[in-house]
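Here the structure is laid out as structure tokens; the discussion comes afterwards.
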Amino acid sequence: MEKTYNPKEIETRIYASWEDSGYFSPSKSGAPFCIVIPPPNVTGTLHMGHAFQDTIMDIIIRYERMKGKNTLWQVGTDHAGIATQMVVERQLEKNGTSRQQLGRETFEQEVWKWKEESGSTITKQMKRLGASTDWTKEKFTMDENLVRGVTKVFIQLYEEGLIYRGKRLVNWDPVLQTALSDLEVATSEEKGSLWHMRYPLDGQEDYIVVATTRPETMLGDTAVAVHPDDKRYKHLVGKHIILPLTKRKIPIIADEYVDQAFGTGCVKITPAHDFNDFEIGKKHGLEVISVLDQAAKISQSAPSEYGGLDRFEARRKIVKDLEELGLMHEIEDYLLTIPRGDRSGAILEPLITNQWFLKMEPLAKPAIEVVKNGELKFVPENWSKTYFEWLENIQDWCISRQLWWGHRIPAWYDNEGNVFVGENEPEIRKKHNLDGSIVLTQDQDVLDTWFSSALWPFSSLGWPDDTYDLKTFYPTNVLVTGFDIIFFWVARMVMMGLKFMDEIPFNEIYIHGLIKDKNGQKMSKSKGNILDPIDLIDGISLDDLLEKRVQGLMQPEMEQRIINDTKKEFPNGIPDFGTDALRFNFAIQASTGRDIRLDLNRVEGYRNFCNKIWNASRFIKMNTNDFELLNIKDSQGHAIDQWIQSRYAKTIDEVEKQFGQYRFDLAATAMYEFVWNDFCDWYIELAKTHINDPGIADSKKDYTKNNLINMLDAILRMLHPTIPFITEEIWQSLNEENAKRSIMKSVFPSSDDWKTDDESAENTEWLKNFISSVRQIRSEMNIPPKQSISIIVEDASSLDCERLESLGSFIRNLGSVEAIMHKESSDVLPKSAIALLGEMKVFIPLEGLVDIEEEKGRLEKKLSKLNKELESVQNRLSNDAFIEKAPSDVVDDLKAKLKGLISDQSRIEEQIKLL
RNA sequence: AGGCGCGUAGCUCAGCUGGUUAGAGUGCUUGCUUGACAUGCAAGAGGUCGGCGGUUCGAGUCCGCCCGUGCCUACCA
């Protein structure tokens, strides 16, 4: 072992050896256990959220693998239609071309090229994180079998009447020029205006006032609506107004949808450009006039002076024109909800277009049922509520996208517009008996990316082929994901799994929190607060970090702020913490909360933890002749050995319990505390004394030496799922046999492996308390650590005496005590500091060491603390209701405690008097 | 508007079905070049658990209201 812990060197070397070993592949023995990865965007990079999620999945997989399961962590990436197309288009733009100039086929080739170039980034990052995914089975959502799967699913759903095509109002992104599903709409509150416009009544000199946030849509108004009970307007229902600028005569209708209290109580109805208006239009048989084209420019169906104007230019012109006509009643500042595309950020436009839809209700019902009946569980359970809420109010899913990158919709049209759905053109011709004279053209659209992602749990395992993986691993065991994609992905996978596999895709859904920055802000490129997990692993200079954060900013005006914030938060850049430290940090932060704030100070703390493990191992190596296990006759060992074993057994039970309920934070805490506090701070220190005690026979010491090695081995195996690299490195160096194997294929420890001797364990607890008391006095009395002291004990029980006899050397060593004396009744006690240990008094003579007054002060402080507690205990015990109603063991415990407190109190008081 | 979550030490967070003196990491103070580790060791200070009320023998924990804060869903022009 190297003298210093150097994570980087260890980690890259070890990952390569794992990959070569083939250990990530299923062992094909034992019960199957499988996780499919939420496929990241193929051209993306790994962010902190991925790193966190991957760490959790890897902990689970490594744990189950060590438990002897036949494990598969199925890995792969998503083609991410919109995101990827956008990136490539931006690149083309830089090179002075566009997808339109290239044409569809060339463009697709360009995307594939880009995918090949950048697709490995995320893979490389995952490897740095130690992900034990089976890379030989890596899938991509546009792989051959997945394409076949998507087609098969589409055809079947179409044939069952669940997929249909229709001219509907959809969320339209005028920048990307594609339809989006409801889920891809991100609404934000933004400042705007509410324009109150006068609409002249037909044949009268009067007008009514309507309010709108979007005056440009007035060109497409086909009615004005009022509430049927509204007395102000009752007489106008059935009459008409003359729509300004277009001179169109449109009716005044009555509909309960109208809120009388809002604005004037009159609503303009534009069925082609508003979802509500569309419904009202349908109900009242209104004309649908679309006045915007796909780029959100005014279309030819509007008066020619507006034709071709961008929607916002049109707005300004219309407002101006109405003002000139004296028809603008009032303009009010207004806060409104703006729908934006979650990818492009463009303001969306409700637009009438031909799209493909999937009927959701029949699919949603069984998906609700499996969670209701407990077949499928959310962890934490509460998330099922969110899941139900969405599924119970589900809308049909617009699955077509006007993109070039994705799964092409398997539908063809003839010249008359007849639709044929099938695997390919020849098949369709055969099936429908269409001869060569009939021209068929394929639908130009592709499917929503989530359509193929919904099949992932089975398509990634080989479906529609009947593969070993599919047979063995479906349904998978657990899905690990964030709450932000419960609708997008989780619910849809459940629906598709039930529909096409007749089984749920996974038994449990573990929903974890989202990684936020130090200030609780979501990490995003635009905020400039993103961190690359690799930069926490390898470290990064401030300059490099700044460069990364301001590169390719969408809003360059943010640059200065980002630079300032970054300089403030990371004045010296980020140090290299290593993968294991980052993983341990993720594990210990993985509690049930929704936000996980990254705190580099904590990561540093866990880097120190790794360093601690490293050095403890070095110590053991040095003290055991290179981890050499000795032949021993002693089967029990010393009390300290029994104690650490029993602590270990408790810890491993705790770890298993917490892993079982996805509380990686509690498991990690238990491991941390055991390793550092129990093993390093106490056991190793005690073992030093034991091993170096010349009065003890080597045969006795050998047990402890072996125990150090065996405990280390068990600790490494316990820690391995969480911090795989350092544990592998040390474990392989334990002996020659290990060097040829891997800790990842070793057995996860069990408490059954350790006999625990409570009596020995208690002796050691007593010893710890004794040493702590001495140290406490030394420290509080400012007795230099090197200065040896003598101690005198009084009122020692026979057990105390026995323990002092057998464990005295530890006290002398760890407390810098030169002599321990028993006070005889005739002895005169020198002025001393006192500690109480049960019935026993421990005196430290202070002559020549410290001021007596100081000890007095110390005791008085102790006494006042004691008195406070005593008071509270007495109060409770003097309460009859408590005695009567509280469980007897609680009462008994408290009574015993009272006794102890009273004894301590009187003894301290006595001592104060003595001083 | 509805739903969900959060508010515990300076900071980042635990605290399970209510029961000793509310814990950890980090930071802070004091003392230590201890033969594994100063990425360390030992000791210590620091909290009226957001507020008010209720249930209970007993509340950080359960209930209600309020304040602050975050997220999700929804058709107010």
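Letters A, B, ... are given to chains in the order of the sequence lines, protein chains preceding strands, and every chain is numbered from 1.
Heavy atoms of A:Gln661 sit nowhere under 4.0 angstrom from any nucleic acid atom. Base engagement by A:Glu869 is indicated by at least one non-hydrogen atom pair under 4.0 Å involving a base atom. Heavy atoms of A:Tyr5 sit nowhere under 4.0 angstrom from any nucleic acid atom. A:Ser591 comes within 4.0 angstrom of sugar-phosphate atoms only, judged by non-hydrogen atoms across all strands, and of no base. Residue contacts for A:Leu194: at a heavy-atom cut-off of 4.0 Å it reaches no nucleic acid atom on any strand shown. Residue-level contact check: A:Asp893 touches neither bases nor backbone, having no heavy atom under 4.0 Å from any strand. Using a 4.0 Å heavy-atom distance criterion, A:Val210 is classed as making no nucleic acid contact. A:Thr212 comes within 4.0 angstrom of the backbone, heavy atoms only, and of no base. Heavy atoms of A:Cys680 sit under 4.0 angstrom from at least one base atom. Using a 4.0 Å heavy-atom criterion, one finds that A:Lys688 contacts the bases of the nucleic acid, with or without backbone contacts as well. A:Glu604 comes within 4.0 angstrom of no nucleic acid atom, judged by non-hydrogen atoms across all strands. If you check every strand for non-hydrogen atoms under 4.0 Å, A:Asp484 touches nothing. Using a 4.0 Å heavy-atom criterion, one finds that A:Arg618 contacts the sugar-phosphate atoms exclusively. As judged by a 4.0 angstrom heavy-atom cut-off over every strand, A:Arg876 is placed among residues touching the sugar-phosphate backbone only.
Across all strands shown, nothing is found opposite B:A36 as a Watson-Crick or G-U wobble partner with both distances under 3.5 Å. Across all strands shown, B:U56 forms no Watson-Crick or G-U wobble pair with both distances under 3.5 Å. The pairing partner recorded for B:C65 is B:G51, the criterion being a Watson-Crick or G-U wobble arrangement whose two distances lie under 3.5 angstrom. Using the Watson-Crick or G-U wobble rule with both distances under 3.5 Å, B:A77 pairs with nothing in any strand shown. Across every strand in view, B:C71 sits in a pair with B:G3 that passes the Watson-Crick or G-U test at under 3.5 angstrom. Across all strands shown, the partner of B:C28 is B:G44, judged by Watson-Crick or G-U wobble contacts whose two distances both fall under 3.5 Å. Across the strands present, B:C16 finds no partner; the criterion is a Watson-Crick or G-U wobble pair with both atom distances under 3.5 angstrom.
B:G51 and B:G68 have their C1' atoms separated by 10 Å, given to the nearest Å. When the C1' atom is compared between B:U55 and B:C62, the two are found 8 Å apart, to the nearest whole Å. If you take atom C1' in B:C71 and the same atom in B:A24, they sit 28 Å apart, rounded to whole Å. Spacing of P atoms, B:A77 relative to B:G18, comes out at 46 Å, to the nearest Å. When the P atom is compared between B:U56 and B:C63, the two are found 16 Å apart, to the nearest whole Å. On the P atoms, B:A45 is 13 Å away from B:A22, given to the nearest whole Å. Atom name C1', nucleotides B:C49 and B:A14: the rounded distance is 13 Å, in whole Å. Separation of the P atoms belonging to B:G23 and B:G47 is 14 Å when rounded to the nearest angstrom.
Looking only at atom types and distance, the side chain of A:Thr579 has no donor-acceptor partner in the side chain of A:Arg583 under 3.5 Å away. Side chains of A:Lys268 and A:Thr217: a donor-acceptor N/O pair is present below 3.5 angstrom, by distance only. A donor-acceptor pair shorter than 3.5 Å cannot be found between the side chains of A:Asp580 and A:Tyr606. A:Glu2 and A:Thr4 share no donor-acceptor pair across their side chains, judged by distance under 3.5 Å alone.
Put simply, NZ on A:Lys861 is 11 Å from C1' on B:A43, counting in whole angstrom units. Between the CG atom of A:Leu598 and the C1' atom of B:U12 there is a distance of 10 Å, rounded to whole Å. Rounded to an integer number of Å, the gap from CZ of A:Arg602 to C1' of B:C13 is 5 Å. Computed from coordinates, the A:Ile280 CD1 to B:C76 P distance equals 13 Å when rounded to whole Å. For A:Arg607 and B:U26, the CZ to P distance is 11 Å, given to the nearest whole Å. Remark: P of B:A77 and CG of A:Asp230 are 18 Å apart, rounded to the nearest angstrom. In this structure, the CG atom of A:Asn623 is 13 Å from the C1' atom of B:C37, given to the nearest Å.
You'll find that the side chain of A:Arg597 is closest to B:U12, out of B:C72, B:U12, B:G19. Distances from the side chain of A:Asn782 to the nucleotides B:U30, B:A43, B:A77 place B:U30 closest. The nucleotide whose nearest atom lies closest to any side-chain atom of A:Ala616 is, among B:C57, B:A36, B:U39, B:A36. Minimum atom distance to the side chain of A:Lys657 is reached by B:C16, of the listed B:C16, B:C13, B:A77. Of the candidate nucleotides B:C57, B:A77, B:G25, B:G25 has the atom nearest to the side chain of A:Tyr672. The side chain of A:Lys3 lies closest to B:C37 when the candidates are B:A77, B:A43, B:C37. Comparing B:C57, B:G15, B:C76 by their nearest atom to the side chain of A:Arg663 picks out B:G15. Candidate nucleotides B:C41, B:A45, B:G19 were compared by shortest atom distance to the side chain of A:Lys865, and B:A45 ranks first. For A:Pro887, taking side-chain heavy atoms from C-beta onward, the closest of the listed nucleotides B:U39, B:G25, B:G19 is B:G19. Comparing atom distances between the A:Ala886 side chain and each of B:G19, B:U39, B:U12 picks out B:G19 as nearest.
Using a 4.0 Å cut-off between charged side-chain N and carboxylate O, A:Lys862 and A:Glu855 make no salt bridge. With respect to the salt-bridge test (charged N to carboxylate O, under 4.0 angstrom), the residues A:Lys283 and A:Asp255 qualify. Between A:Glu871 and A:Lys868 no salt bridge is recorded (no basic side-chain N to carboxylate O distance below 4.0 Å).
Nearer to the 5' terminus of RNA chain B, by closest-nucleotide assignment, is the contact made by A:Lys885 (compared with the other of A:Phe488 and A:Lys885). Map A:Ser872 and A:Ile596 each onto its nearest nucleotide of RNA chain B; the residue landing nearer the 5' end is A:Ile596.
Checking side-chain atoms of A:Arg778 against main-chain N and O of A:Gln787 turns up a donor-acceptor pair under 3.5 Å. A donor-acceptor distance shorter than 3.5 angstrom exists from the side chain of A:Thr264 to the backbone of A:Val209, with no hydrogens or angles considered.
Classification of the A:Trp390-A:Phe487 ring pair by plane angle, with boundaries at 30° and 60°, yields parallel.
Residue A:Gln589 places none of its side-chain N or O atoms closer than 4.0 Å to OP1 or OP2 of B:U12. The phosphate of B:C41 has OP1 or OP2 within less than 4.0 Å of a side-chain N or O from A:Lys612. Residue A:Tyr334 places at least one side-chain N or O closer than 4.0 Å to OP1 or OP2 of B:A77. Contact annotation: A:Trp676 side-chain N/O to B:A36 OP1/OP2 distance is not under 4.0 Å. A sub-4.0 Å separation between OP1 or OP2 of B:C76 and a side-chain N or O of A:Asn276 is absent.
For B:A74, the base has no donor-acceptor partner in the side chain of A:Glu389 [N/O atoms by modelled type, under 3.5 angstrom].
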